[in-house]
Amino acid sequence: MTATTTSRLPDVSGSAFNLRSFLHGLPGVDKVGIEARAAALGTRSVKTTAKAAAIDLAIRMVDLTTLEGADTPGKVRALSAKAIRPDPAEPSCPSVAAVCVYPSMVPIAAEVLAGSGVHLASVATAFPSGQSPLEIKLADTRDAVAGGADEIDMVISRGAFLSGRYDHVFEEIVAVKEACGSAHLKVILETGELGTYDNVRRASWLAMMAGADFIKTSTGKVPVAATPPVTLVMLEAVRDYRAQTGRQVGVKPAGGIRTTKDAIKYLVMINETVGSDWLDPDWFRFGASSLLNDLLMQRTKLATGHYAGPDYFTLD
Amino acid sequence: MFEYAPAPESRSIVDIAPSYGLFIDGSFVPASSSGGVFKTVNPASEEVLAEIASAGADDVDLAVAAARRAFGPWSALPGAERAKYLFRIARIIQERSRELAVLESLDNGKPIRESRDVDLPLVAAHFFYYAGWADKLAYAGFGPDPRPLGVAAQVIPWNFPMLMLAWKIAPALAAGNTVVLKPAETTPLSALFFADICRQADLPPGVVNIITGAGETGRALVEHPDVNKVAFTGSTEVGRQIARSIAGTRKRLTLELGGKAANIVFDDAPIDQAVEGIVNGIFFNQGHVCCAGSRLLVQESAYDEVLTALKRRMSTLRVGDPLDKNTDIGAINSAEQLSRIRELSEIGAAEGAERWSPQCDLPSQGFWFAPTIFTGVTQAHRIAREEIFGPVLSVLTFRTPDEAIEKANNTPYGLSAGVWTEKGSLILAMADKLRAGVVWANTFNKFDPTSPFGGYKESGYGREGGRHGLEAYLA
């Protein structure tokens, strides 16, 4: 990832007052305006060759995810195999970006993914509530990294954020980032619980300043997950952050993105908000479990001219 | 950037006849010998779309006479009966909206996403809205028994041909008037299709008459002695001539003329949304909008941030084929308008303002102008004072709210204004002092049939839309 070159930001670590002043000094987000813009971007008509390119890119951006209490080694092995070769009938189909599992399942997935180039992500830090002492979160993180995860998806303490203890959230992210070692850190803001777009922008900056490599919308465990306007706010944040610091941060909408149509809307949003620098699995991911099969179906439809039924694609 | 493959809307849904006559007394008739014909072209390709009849003085006589004959029975109908016709027209417009959107983009050059998503929905909404008023005129606040005026002569411009038609015809018919409408000579087709919709709706003959032609036809219509009401939307210059020509008569007049709206951005504004509003304010409909936010006033302390964001955003605008669903900016409506935009832009550069456009490839056929901004503009520049009516934005700065007010109001016009700030009290204070018919706060170019629209000073008088829009058609 790009190293910090020239940061024009104030050093806000260690001062709750400075941090708060900085975050509350960010430009506001007009709710009506951001929602209208996200809706307008959703009306782009992406067809034929552009659609084919978009589908393959979207497949390469998928973090194939299973985060269920019922997850078993068998399920994780099957999912990992699918991540490497999503469409066994079509060798030209690219692999997905990563497999995302609970820390206990990391060693299982690592075994299957070894040498494939598919990254292994794990949700650590007391996912999904984030309501545990820091030592437990750090131990969770270290476990996942030791097991072979090279990407950690952490959740922030929304309670601390909403009560204005930004410094607490900041320090937690710094500590987890350190525990990650060389693994990439994706910070989950759980935007559905933050309430306002202003909070989404503040949380994005907070996470980036604390060292996040990616900012991610949701755990997928609360009713409101990723939405286009929220993702748009986060894209604007990473764009502005890079302009100030030279450091590029990735974005990952997660939860609720199920169709190719939706995925393409996100790609259009990247294209017209932050540009092609982010149109890459290194800088944008879809946290999804059911999106992949729709992408595969649409991919086959474009190639053959007709739809194949769901039975023509593997379950997981 | 990932390139979007072309996504053209099919034009086969529209069946344009090779030639059109005038719509008088419920049927299409050829123009009399005094008229002649002219051609309407697709500004994106210069292809001739159809040959249009040009109405001469005797055709105007026929149209006004037909409207006069129809006035008695039409105004005597119970309001609820008139409402039925208006509702029927509104529903037919909805049913035919895709066809009409494609037609409008073909004849006008505006992008299909605007004709489809903005124009046509608003056209239907206006007919629905005024249909609702037709049987409630006694409750509109103009006395217990308001009466229609008679025959309304209506002349509309080329920037929103179908929408301006709706703004004019819907309230006139709801109030019980009959109309003779003349669309602009470069965009007559949607009005002629509307004539067909009137037939489809079984509207009694003569209630709506459409005559086509250029300025001479409009003049003959406006000056016709048997007209009771004149409604004009267009340039301030023509508006002045009309006001002069009917002075001393008993004709009622409403004028909706030019503008040079200030779009004021304070340093605490939601920057990304303000930039969207600036883009929407000046590049919507190629800037062919009388209430376009063509003067951007940015607080000096936010100038760099806003300009950087604005240029970045302008670089993503897609200029090209109006029928491509991904086109943001279409063609300039006519060669004449294009040369006027070019001329004023040259003047801006010659006066020392700095000109900037994003990299964009313009098609070789048709009339095109890249989205353009001028920075370093002052109140003394002509481009800060004159209406350009194209995708050209002049950027000025201010330091305090008082200075913003002063500069915003320092114009002969007063149609609209925009204010961008996160501070609600500032919005209210500014709205109070801006001399403009519409003040948008943290948004721009939003229209609704329930909301009155009209100007101060040289932007005209009278209001269209809302309950106020009825007033112009009632005695």
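Letters A, B, ... mirror the listed sequences (proteins, then strands); counts begin at 1. Computed over heavy atoms, backbone and side chain alike; hydrogens, waters and symmetry mates excluded.
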Subject >> Contacting moiety of A:Leu232, where chain B heavy atoms sit under 4.5 Å >> reply: neither
Original post:
Counting a contact as any heavy-atom pair under 4.5 Å apart, which residues of residues 22-33 of chain A contact chain B?
Top reply: A:Pro27, A:Gly28, A:Val29, A:Asp30, A:Gly33
Subject >> A:Arg242, CZ: over 12 other non-hydrogen atoms inside 6.0 angstrom >> reply: yes
Original post:
For A:Ala36, is it the side chain, the backbone, both or neither that has a heavy atom under 4.5 Å from a heavy atom of chain B?
Top reply: neither
Subject >> Point-to-point distance, once rounded to the nearest 0.5 Å, from CG of B:Asn326 to OG1 of A:Thr43 >> reply: 7.5 Å
**OP:** To the nearest 0.5 angstrom, please state how far the CG atom of A:Asp240 sits from the CD atom of B:Glu305.
**Re:** 7.5 Å
Original post:
Does any heavy atom of chain B fall under 4.5 Å from the side chain of A:Arg44, the backbone, both, or neither of them?
Top reply: both
Original post:
Does a sphere of radius 6.0 Å around NZ in A:Lys261 hold more than 12 heavy atoms from other residues, nucleotides or ligands, not counting ones at 6.0 Å or beyond?
Top reply: no
Subject >> residues 270-295 of chain B: residues contacting chain A (heavy atom under 4.5 Å, by number) >> reply: B:Pro270, B:Ile271, B:Asp272, B:Gln273, B:Glu276
**OP:** Determine the minimum heavy-atom distance between B:Phe2 and A:Ala50, stating which atoms define it.
**Re:** CE1-O, 4.2 Å
Original post:
Hey, what do you get for OG1 (A:Thr49) to OH (B:Tyr4), rounding to the nearest 0.5 Å?
Top reply: 13.0 Å
**OP:** May I ask you to check whether over 12 heavy atoms, not counting those of B:Glu354, lie within 6.0 Å of atom CD?
**Re:** no
Original post:
Given that the side chain runs from C-beta out, which part of B:Asn442 has a heavy atom under 4.5 Å from chain A: side chain, backbone, both or neither?
Top reply: both
**OP:** Specify which of A:Val46, A:Ile34, A:Thr48 makes the most heavy-atom pairs with chain B at under 4.5 Å.
**Re:** A:Ile34
Original post:
Pick from B:Lys325, B:Glu422, B:Arg113, B:Arg318: which one has the most heavy-atom pairs with chain A under 4.5 Å?
Top reply: B:Arg113
